[in-house]
Amino acid sequence: MKETFDAAVDHGCVYCGGELENDWSVEHVIPYSKGGTNEIHNVVIAHNACNFRKHNHAPADYCEAPGSLDQLAAYLYVMSDGKYEIDEAYALLKSGEANGE
């Protein structure tokens, strides 16, 4: 499972872009507490500290690495098999709420 997520986020933490070694966890892009699901398009890997810092807030506020928001929006678009258009993916990342997901 880790290899699948690593490949999807270019082998780094989705938020800070740092290398993932042993300090990672599965992260809900749209927080489970705000209607996010366990579907593949809504889970990524992040450093434990980045995951903890984001908590249940909007992902866009925690994308620190250059291009990480674009990369995360592309991940949502591709992994959802077209469920979300790219502009919808950005809106989800900025709101942090599922809005009928």
Side-chain angles (χ1 to χ4, degrees):
M1 179 195 264
K2 182 179 182 296
E3 290 77 21
T4 300
F5 293 127
D6 274 351
V9 294
D10 196 28
H11 303 285
C13 174
V14 69
Y15 297 116
C16 74
E19 282 188 44
L20 295 166
E21 293 180 8
N22 295 324
D23 178 36
W24 63 272
S25 57
V26 174
E27 153 69 355
H28 289 90
V29 177
I30 304 304
Y32 197 73
S33 65
K34 294 190 176 183
T37 67
N38 288 321
E39 294 177 73
I40 191 72
H41 68 270
N42 194 50
V43 291
V44 294
I45 54 174
H47 287 121
N48 289 330
C50 293
N51 189 353
F52 182 78
R53 187 172 63 247
K54 177 190 165 266
H55 187 53
N56 70 342
H57 301 284
D61 296 337
Y62 295 88
C63 290
E64 300 169 357
S68 62
L69 182 61
D70 295 334
Q71 189 175 22
L72 190 53
Y75 175 85
L76 278 174
Y77 169 71
V78 170
M79 297 303 282
S80 72
D81 288 327
K83 178 178 180 178
Y84 301 113
E85 293 296 325
I86 199 73
D87 57 334
E88 292 172 306
Y90 278 105
L92 280 171
L93 295 173
K94 291 177 182 176
S95 75
E97 296 190 29
N99 300 330
E101 181 170 307

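The structure presented is a predicted model; accordingly, all values stated were derived computationally and were not measured.
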First locate atom [atom1] of [X], then atom [atom2] of [Y], and finally report the distance between them rounded to the nearest 0.5 Å.
| X | Y | atom1 | atom2 | answer |
| --- | --- | --- | --- | --- |
| E88 | L76 | CD | CG | 11.0 Å |
| L20 | N48 | CG | CG | 9.5 Å |
| M79 | Y84 | CE | OH | 13.5 Å |
| C13 | E27 | SG | CD | 8.5 Å |
| R53 | Y62 | CZ | OH | 8.0 Å |
| E97 | N56 | CD | CG | 9.5 Å |

Can you see which heavy atom on [X] is nearest to which on [Y], and at what distance?
| X | Y | result |
| --- | --- | --- |
| I30 | G96 | CG2-O, 3.8 Å |
| S68 | V14 | CB-O, 3.5 Å |
| H28 | T37 | CD2-O, 3.3 Å |
| H41 | S80 | CB-N, 3.6 Å |

Is the backbone N or O of [Y] less than 3.5 Å from a side-chain atom of [X], with the two atoms forming a donor-acceptor pair by type?
| X | Y | value |
| --- | --- | --- |
| K54 | V29 | yes |
| N51 | V26 | yes |
| H47 | E19 | yes |

- prompt: Please walk me through it: do L69 and Y90 pass side chain to side chain contact (heavy atoms under 4.5 Å, CB included)?
  reply: CA-CA 8 Å; L69 182 61; Y90 278 105; 4.1 Å; yes
message: Do I40 and Y75 have side chains that approach each other closer than 4.5 Å (heavy atoms only, starting at C-beta)?
response: yes
query: Is W24 linked to F52 within one hydrophobic cluster, defined over Ile, Leu, Val, Met, Phe, Trp and Tyr using a side-chain heavy-atom separation of less than 4.5 Å?
result: no
query: Side-chain heavy atoms under 4.5 angstrom apart, residues restricted to Ile, Leu, Val, Met, Phe, Trp, Tyr: same cluster for V44 and Y32?
result: no
Y77 OH: over 12 foreign heavy atoms closer than 6.0 Å: no
